[in-house]
Amino acid sequence: MIDYKTKLFSDSEPIWWDKQVVEFNGSVFYSYSYIKYLELCNKNNLIKNLSYVIMDNKKTLSLVIIFVEKIHDQLQMSIGEYSIQSPLINNKIDIDKVNFVKGMIKNNINNICKKYQCILARFQVSSLNILTNSDIYQNFYYKWGFTDKILKNEWYSFQCKHSFIIDLKRKKEELRSSIRSSYKSCINKTEKNNIELHIINYKNLNLFEEYGRIHNKIKNNKRSSENLLFNLNLIKENKETIFLCMKNKNIIGATVILHFNNMAYYNSVFVNNNDNFLYPNHYLLWQAIMYFHSNNYNYFHIGDKIDENITNVPQQHINLSFFKSGWGGQEVSWQHAEKTYLI
């Protein structure tokens with residue numbers, strides 16, 4: 001019998017928490033500061049962060065992310081109506097402990113949903129988890145009565161069952177050759193047009209304020225000063241890097257990459273350019289791939305692939321999936337799971 005105990009996320013020290021994430025092959029989405037960032041972004045939903053740690057004799061067995069939020073006057077287990085990251089489970093413990101931990105997590109999900117009268121629980125197993133620990137995470141929730149049929153199936157992410165992940169351990173020449181030919185042409189044309197690359201990272205915070213100003217000028221999802229400050233702190237912690245394409249001292253494109261534990265994630269982009277001969281998005285993405293390759297990262301999560309079995313998919317989503325398929329990433333399974341509860 002396992003002599004376990006639990007500790008809340010709110011009682012954990014940031015450095016200690018992040019150390020566990022590294023040991024369990026977790027991505028930036030499990031890092032302490034990113035979880036706090038999720039709290040900020042979703043505070044209008046009266047969010048409760050009930051995340052916790054399962055321990056046994058001071059050994060950490062699992063980090064479990066749990067959020068409860070109010071959506072349309074009803075409570076549900078999700079984050080911004082999106083799926084919550086699956087638990088991180090210690091891959092160095094024996095199978096009996098793994099199964100015990102899984103059973104404990106399952107019971108806690110059901111008990112929390114019952115306590116808060118949640119109408120549903122929505123989780124995911126990311127491609128990065130499956131890539132690094134497939135034995136633990138394959139079909140993780142489906143065995144518990146969850147389904148892959150998500151109610152908000154009009155969202156791009158819920159129309160995808162695979163992600164494209166670039167193996168950065170390959171040689172630069174191999175990475176370049178695996179890019180779609182037309183994209184290489186776009187990159188070459190942009191490089192020849194007197195543009196400048198600027199990188200905002202933990203060593204260089206110049207241009208961050210200008211980035212925030214241009215972002216809020218052209219993007220619909222405006223960022224508050226508090227939100228931008230959180231992004232700045234992620235950069236200072238070396239968990240976010242922003243790549244800028246500039247021409248005539250103006251930002252004509254920006255790409256934001258989240259990263260941690262040798263795994264990078266293509267997070268967001270904006271283009272502020274009317275020149276048909278410039279392709280800042282393609283140029284910056286390639287520069288980001290090279291940046292993390294040179295910094296000895298293992299993986300670059302480029303984006304998700306639309307499930308070909310889904311009908312009536314918006315053309316915009318099809319185009320986005322096509323774009324992300326052109327960078328030489330391997331297809332890795334990505335699992336969303338949802339379960340409804342009777343109140």
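By the 6.0 Å contact criterion, NZ on Lys48 is open, its count of non-hydrogen atoms from other residues, nucleotides or ligands being 12 or less. With a 6.0 Å radius and a threshold of 12 heavy atoms from other residues, nucleotides or ligands, Lys70 has its NZ atom at or below the threshold. No more than 12 heavy-atom neighbours from other residues, nucleotides or ligands sit within 6.0 angstrom of CG on Asn194. For Ile95, the CD1 atom sits in a packed shell: over 12 heavy atoms of surrounding residues, nucleotides or ligands are nearer than 6.0 Å.
Qualifying salt bridge (charged side-chain N to carboxylate O under 4.0 Å, His left out) partners for Arg213, counting only residues two or more places apart in sequence or in other chains: Glu210. With sequence neighbours excluded, no residue satisfies side-chain hydrogen bond (donor to acceptor under 3.5 Å, both in side chains) with Lys184. With sequence neighbours left out, Tyr156 forms a ring-ring contact (aromatic ring centres under 6.0 Å, His included) with His317. For Tyr299, there are no ring-ring contact (aromatic ring centres under 6.0 Å, His included) partners, not counting sequence neighbours. For Phe270, the ring-ring contact (aromatic ring centres under 6.0 Å, His included) partners are Tyr211, not counting sequence neighbours.
In this structure a side-chain-to-backbone donor-acceptor pair under 3.5 Å is missing from Gln287 to Leu197. The main-chain N or O of Asn250 is never found under 3.5 Å from a side-chain atom of Asn248 such that the two would form a donor-acceptor pair. With hydrogens and angles disregarded, a donor-acceptor distance shorter than 3.5 Å links the side chain of Asn49 to the backbone of Ser51. One N or O on the side chain of Asn90 and one on the backbone of Lys92 form a donor-acceptor pair closer than 3.5 Å. With hydrogens and angles ignored, the 3.5 Å screen pairs no side-chain donor or acceptor of Asn133 with any backbone N or O of Asn129. For Trp17 (side chain) and Tyr30 (main-chain N/O), a donor-acceptor pair under 3.5 Å exists by modelled atom type. One N or O on the side chain of Thr147 and one on the backbone of Lys149 form a donor-acceptor pair closer than 3.5 Å. Without hydrogens or angle criteria, Ser177 side chain to Glu174 main chain gives a donor-acceptor distance under 3.5 Å. Of the possible donor and acceptor atoms, none in the side chain of Tyr141 sits under 3.5 Å from a partner among the backbone N and O of Lys339. Between the Glu69 side chain and the Ile79 main chain, a donor and an acceptor come within less than 3.5 Å of each other.
The list of side chain to side chain donor-acceptor pair (under 3.5 Å) pairs with a residue in residues 98-109, not counting sequence neighbours, reads Tyr52-Asn108. The salt bridge (charged side-chain N to carboxylate O under 4.0 Å, His left out) contacts involving residues 214-232 comprise Lys43-Glu226, where partners must be two or more places apart or lie in separate chains. For residues 120-140, the pairs satisfying salt bridge (charged side-chain N to carboxylate O under 4.0 Å, His left out) are Arg122-Glu338, with sequence neighbours left out. Sorted by first and then second residue, the pairs that involve residues 216-241 and meet ring pair (Phe, Tyr, Trp, His ring centres under 6.0 Å), not counting sequence neighbours, are Tyr37-Phe230. Screening residues 251-267 for side chain to side chain donor-acceptor pair (under 3.5 Å), with sequence neighbours left out, gives Thr241-His259, His259-Tyr297, Tyr266-Asn281. For residues 290-312, the pairs satisfying salt bridge (charged side-chain N to carboxylate O under 4.0 Å, His left out) are Lys161-Asp307, Lys305-Glu308, Lys305-Glu331, with sequence neighbours left out.
Between Phe323 and His282, the gap from one ring centroid to the other is short of 6.0 Å.
Annotation for Leu205 and Ile200: closest pair CA-CG2, 4.2 Å, computed over non-hydrogen atoms. Closest approach of Ser33 to Glu237, counting heavy atoms only: OG-OE1, 2.8 Å. Lys324 and Phe164 make their closest contact through O-CD1, 3.5 Å (heavy atoms, listed as atom of the first residue, atom of the second, distance). The two residues Tyr34 and Leu234 make their nearest non-hydrogen contact at N-CD2, 4.3 Å. Nearest heavy-atom pair across Cys113 and Tyr341 is SG-CE1, 3.7 Å. In plain terms, the two heavy atoms of Ile252 and Pro280 that are nearest each other are O-CG, 3.6 Å.
Residues Gln335 and Gln138 are in side-chain contact: their nearest non-hydrogen atoms beyond the backbone lie under 4.5 Å apart. Side-chain contact between Tyr137 and Ser126 is absent, with no heavy atoms from C-beta onward closer than 4.5 Å. The side-chain heavy atoms of Ile66 and Ile84, taken from C-beta on, include no pair separated by under 4.5 Å. With contacts defined as side-chain heavy-atom distances shorter than 4.5 Å, the pair Ile242/His198 does not qualify. In this structure the side chain of Trp334 never reaches within 4.5 angstrom of the side chain of Ile130, judged on heavy atoms. Using a 4.5 Å heavy-atom threshold, the side chains of Phe24 and Ile89 count as separate. Proximity of Leu50 to Phe67: side-chain heavy atoms (C-beta onward) are nowhere separated by under 4.5 Å. Looking only at side-chain heavy atoms (C-beta outward), Glu240 and Val256 come within less than 4.5 Å of each other.
Cation-pi check for Arg180 over Phe322 is met; the charged atom lies under 6.0 angstrom from the ring centroid and within 45 degrees of its normal. Remark: Lys236 fails to qualify as a cation-pi partner of Tyr202 under the 6.0 Å distance and 45° angle criteria applied to the six-membered ring.
Counting Ile, Leu, Val, Met, Phe, Trp and Tyr side chains that sit under 4.5 Å apart, directly or through other members, Ile71 stands alone, with no cluster partners.
Asp275 and Asn273 share no side-chain donor-acceptor pair at under 3.5 Å.
In summary, Glu154 and Lys152 engage in a salt bridge, as defined by a charged side-chain N under 4.0 Å from a carboxylate O. Look at Lys239 and Asp18 and you find a salt bridge, because one of the NZ, NE, NH1 or NH2 atoms lies within 4.0 Å of a carboxylate O, short of that distance. Here Glu39 pairs with Lys36 in a salt bridge; the nearest charged N to carboxylate O distance falls below 4.0 Å.
With hydrophobic clusters built from ILVMFWY side chains whose heavy atoms lie under 4.5 angstrom apart, Val101 shares a cluster with Ile109.
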Query - side-chain hydrogen bond (donor to acceptor under 3.5 Å, both in side chains) assessment of Ser163 paired with His301 - result: CA-CA 7 Å; Ser163 298; His301 187 294; 3.3 Å; yes

